[in-house]
Structure formats: structure tokens, C-alpha cells
Amino acid sequence: MADDAALLAFTPQVEAETAPVWNLIKDQVTPLEWRLHAPLIADIRRLARMRGAVILAHNYMTPEIFHGVGDFVGDSLALAREAARTDAKVIVQAGVKFMAETSKVLSPDKRVLIPSLEAGCSLAASITAADVALIRQRYPNLPLVAYVNTNADVKAEVDICCTSANAVQVVEWAAREWGVDSVVLLPDEFLARNVARQTSVKIVAWAGRCEVHERFTVEDIAELREGYPQAEILAHPECPAEVVAACDFTGSTAAMNDYVKTRKPRQVILITECSMAANVAAEAPDTQFVRPCNLCPHMKKITLEGIRDALLFDRYEVTVDEALIARAALSVQLMIDLPPPAVPARYDLVKARHHVDVELI
Ligand code: 13P
Ligand code: SF4
């Protein structure tokens, strides 16, 4: 913790400096919370300027982080692209460890800091590099695609990475490049099942799960439909396939954000992590948000205090073995080099409700 208590006072100067953020998020945080957040936001901005740091904040960060200190905000794909092109000396990853590792792999000369060492991910924990080596032996002729929600050693073993924003695009690209009709997509079973519904490529999947999205059920969606018949329901593709099939749209966190801002539904329900709705709602005043949600315990390890201390004490540095970086960079860069996915054109895919089976390893 910083020992200079004066820095944390809600002074008139802090209040004035942070007023635009307050105006944006005043429906998402209480005035009492704001008196604690504002001095930290001012302090973090000062420290970031001093250190030549850029703060990359994921869509699941709390509103005071997302709107208060994120220099660049977005989904995993957008944050990875930004990490690859930033010329800042230091990257502070306001997100989970696999995102920080991706930044390090794409920008090995930068100092990458993560505010908490406990910010993991159940998907990244579900598969090891040794598992992937065995999968390679079992499917020697198929391309291996890994979701970015994996550790760097897993990324080093696969042919290309994907995110929820471009998974269909990457799978179809890999099938074409390899001249095959099946692709191995690791490690999220539900993402794999949801991708399978949107492509003719056959999918071989691993039984990894996101502990946040796997908890949503079709019964939840049926209850929401009954209670809020006018609402448009959007689900992240890490949700079970039958949940996604019962919703109106599926897409990455950025695609959901884009959907709300572009289509301006009167009422919307985001089937995903809790902070997502708060962050989108702050910038979508014409849409009413119904908020059933699940908290990601890993994302919630990132706090303003943690970000301030990361900049102040230069911690916690994320390192990846050099040899591993060279190998992991191939699969991540290959994904980055594909053209960005056409998000709005995918809105119609919501109607692709047929069930397609996947081969589970
Ligand atoms: P996005 O790539 O859609 O931002 O999702 C990342 C994530 O961890 C979702 O749980
Ligand atoms: Fe991992 Fe799920 Fe949390 Fe995203 S929401 S970081 S996939 S556990």
C-alpha cells in the first residue's frame, strides 16, 4: 500500500479531475464508493504517465477500472492486438494471467505487470502442454487451434490461437489451409460446440469449462423470457450450447457491446460476467439492462489498489521463458495477422440454431 495517505484524499482537485468518469458511471457505483475510487484513479493516472505505462483493461473489469483507468479497453482479441502495437514501455494488464502472458508473448521487450498473481482462469487450468502433445499424436493430420484462454506453454504447442471473437473464422481458415474437414479446438468444450453450430467444419473438442459461464442454464433463460418478454438476450459463447441456442445472439464481449451500441435494444440481458453489463450500460443510456450474471473470481482479483501498487512497486512482472515465447508467438501472431472478424455481419448467425455434435477427446 502507498504510505502517503494525502494522495488518497477526495480533494476538490481529485473531484474535478475525475468528474468525467463519475458522470459516466454514477449509475454503476455509489457516491460512497466513488469517494474511495476517485483518489486512486487520479493516482494511477499520474503513476502511469510517470512510468510510460499503458493499462489494458478487459471488458470484465469493474466500471471504476474499465472507465476510470483503462487506456485501452476491449475483449481478449482487441487487447492482444493493442499489446502487439503499443509503444509504451510498461503494460499493466487489468485482466487475467493468460491475457498478460499473451501481451508478453507479443511484446517480449516490454515489462508486463499483472496486479494480482491469483488472477487465473478455469479454462487455462484445464489443459497442459503435455495434454496437447498427446492430442497431436492422436490427430497428427489435423490443425490444433487453442483458445487464447490457455497458458503460454499450451500456445507453444498448437498451430494457431483464437478468441471468442474470431473462433469460427480461425477454424475455417485452419481447415482450408490444412485441406481437411476437421479441426481440433481446445480447451473450451462449450465454445467448440457453439462454433460447430456456425460452421460446416467438424470440431474435435476438449472438455474444459469456464466456471463462470457453465453455470447458466436453459431454465434461467426460460425464466428470463417469461419475466422480460421484450428483452433481447445475448450470451457469451463459453455458455452451454443449449443456453446459447435459447438466446438471441452470441458473441465475444466486444461483439455483445457492439450489438447493444449498434442496435440499441430497449431492454437487454447479457448472459455473462457481471461487470460487463455495468460497463456497457454506462455508455448505453437508452437501453435498460436486466442483470442476471455470474462473477468471475479471477477477474475480480484485479482492483484499483492492485493496479496502483503494480505501478508503484513495479509488480507483479509476468515473465515467459524466451524459447517458449518464440514458439507461442507463432500461434498468437498467426491469429493477429488474420483480418479482424466481421462482427456486425454475424448478427444473423443467431438464427443458426441447429444442433451439431462435436467429437470429445
Ligand atoms: P472475450 O474474448 O470475449 O473478451 O472473453 C474472454 C473471457 O475470458 C470470457 O470469459
Ligand atoms: Fe476464465 Fe471464465 Fe473467468 Fe473468462 S470468465 S477469465 S474464461 S474463468
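Remember, it's 1-based here, ligands and their atoms both numbered in the order they're listed. Every heavy atom of this structure was used, including side-chain atoms; hydrogens, water molecules and symmetry mates were not.
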| Is the shortest side-chain N to carboxylate O distance from Glu232 to Arg266 below 4.0 Å? | no

| field | Nearest protein heavy atom with distance in Å, relative to atom 5 (O) of ligand 1 | value | His236 NE2, 3.3 Å

| Within a strict 4.5 Å, meaning less than it, do heavy atoms of the Asp159 and Arg136 side chains meet? | yes

| query | Which heavy atom of the protein is the closest neighbour of atom 9 (C) of ligand 1, given with residue, atom name and distance? | reply | Glu238 OE2, 3.2 Å

| said: Please check if the number of heavy atoms outside Glu33 that lie under 6.0 Å from its CD is greater than 12. | reply: yes

| message | Please say yes or no: joined through hydrophobic side-chain contacts below 4.5 Å, possibly via intermediate residues, are Leu40 and Phe313 part of one cluster? | response | yes

| note | If you scan protein heavy atoms around atom 1 (Fe) of ligand 2, the nearest is Cys121 SG, 2.4 Å

| message | If the cut-off is 4.0 Å to any non-hydrogen atom of Ser164, which atoms of ligand 1 fall inside it? | response | 1 (P), 2 (O), 3 (O)

| request: Please write down residue, atom name and distance for the protein heavy atom closest to atom 3 (Fe) of ligand 2. | output: Cys296 SG, 2.4 Å

| said: If you compare the SG positions of Cys293 and Cys274, is the separation below 2.5 angstrom? | reply: yes

| request: For the residue pair His213 and Phe216, categorise the inter-ring angle as parallel (less than 30°), tilted (30 to 60°) or perpendicular (more than 60°). | output: tilted

| message | Tell me the protein heavy atom at minimum distance from atom 6 (C) of ligand 1, and give that distance in Å. | response | Ser76 OG, 3.3 Å

| field | Test salt bridge (charged side-chain N to carboxylate O under 4.0 Å, His left out) applied to Asp75 and Arg81, step by step | value | CA-CA 10 Å; Asp75 66 356; Arg81 285 188 191 285; over 6 Å; no

| message | Return the closest protein heavy atom for atom 2 (Fe) of ligand 2 as residue, atom name and distance. | response | Cys210 SG, 2.3 Å

| note | Atoms of ligand 2 under 4.0 Å from any heavy atom of Leu123, numbered from 1 in the order shown, are 7 (S)

| query | With only distance considered, is Asn59 within less than 3.5 Å of ligand 1 through an N or O on each side? | reply | no

| task | Would you mind running through ligand 2 and noting each atom that sits below 4.0 Å from a heavy atom of Asn149? | result | 7 (S)

| message | Could you tell me, atom by atom, which parts of ligand 1 come under 4.0 Å of a heavy atom of His58? | response | 1 (P), 4 (O), 5 (O), 6 (C)

| said: I'd like to check which ligand 2 atoms, numbered from 1 as shown, lie under 4.0 Å from a non-hydrogen atom of Ser122. | reply: 8 (S)

| task | Examine Thr163 against ligand 1 and note whether any of their N/O atoms are separated by less than 3.5 Å. | result | no

| query | Considering only heavy atoms from C-beta outward, does the side chain of Leu324 approach that of Glu101 to under 4.5 Å? | reply | no

| Intermediate values then yes/no, salt bridge (charged side-chain N to carboxylate O under 4.0 Å, His left out), Arg176 and Glu172 | CA-CA 6 Å; Arg176 267 197 315 276; Glu172 290 181 346; 5.1 Å; no

| message | Does any N or O of ligand 1 fall below 3.5 Å from an N or O anywhere on Ser252, backbone included? | response | no

| query | Between Glu359 and Lys202, is there a salt bridge with N-O shorter than 4.0 Å? | reply | no

| request: Report the part of Glu238 in contact with ligand 2, treating N, CA, C, O as backbone and CB onward as side chain, heavy atoms under 4.0 Å; options are side chain, backbone, both, neither. | output: side chain

| field | Under 4.0 Å to a heavy atom of Asn149 - the qualifying atoms of ligand 1, by number | value | 7 (C), 8 (O)

| field | Atoms of ligand 1, numbered as shown, that sit under 4.0 Å from any heavy atom of His213 | value | 10 (O)

| field | Within-4.5 Å side-chain heavy-atom neighbours: Lys26 and Trp34 | value | no

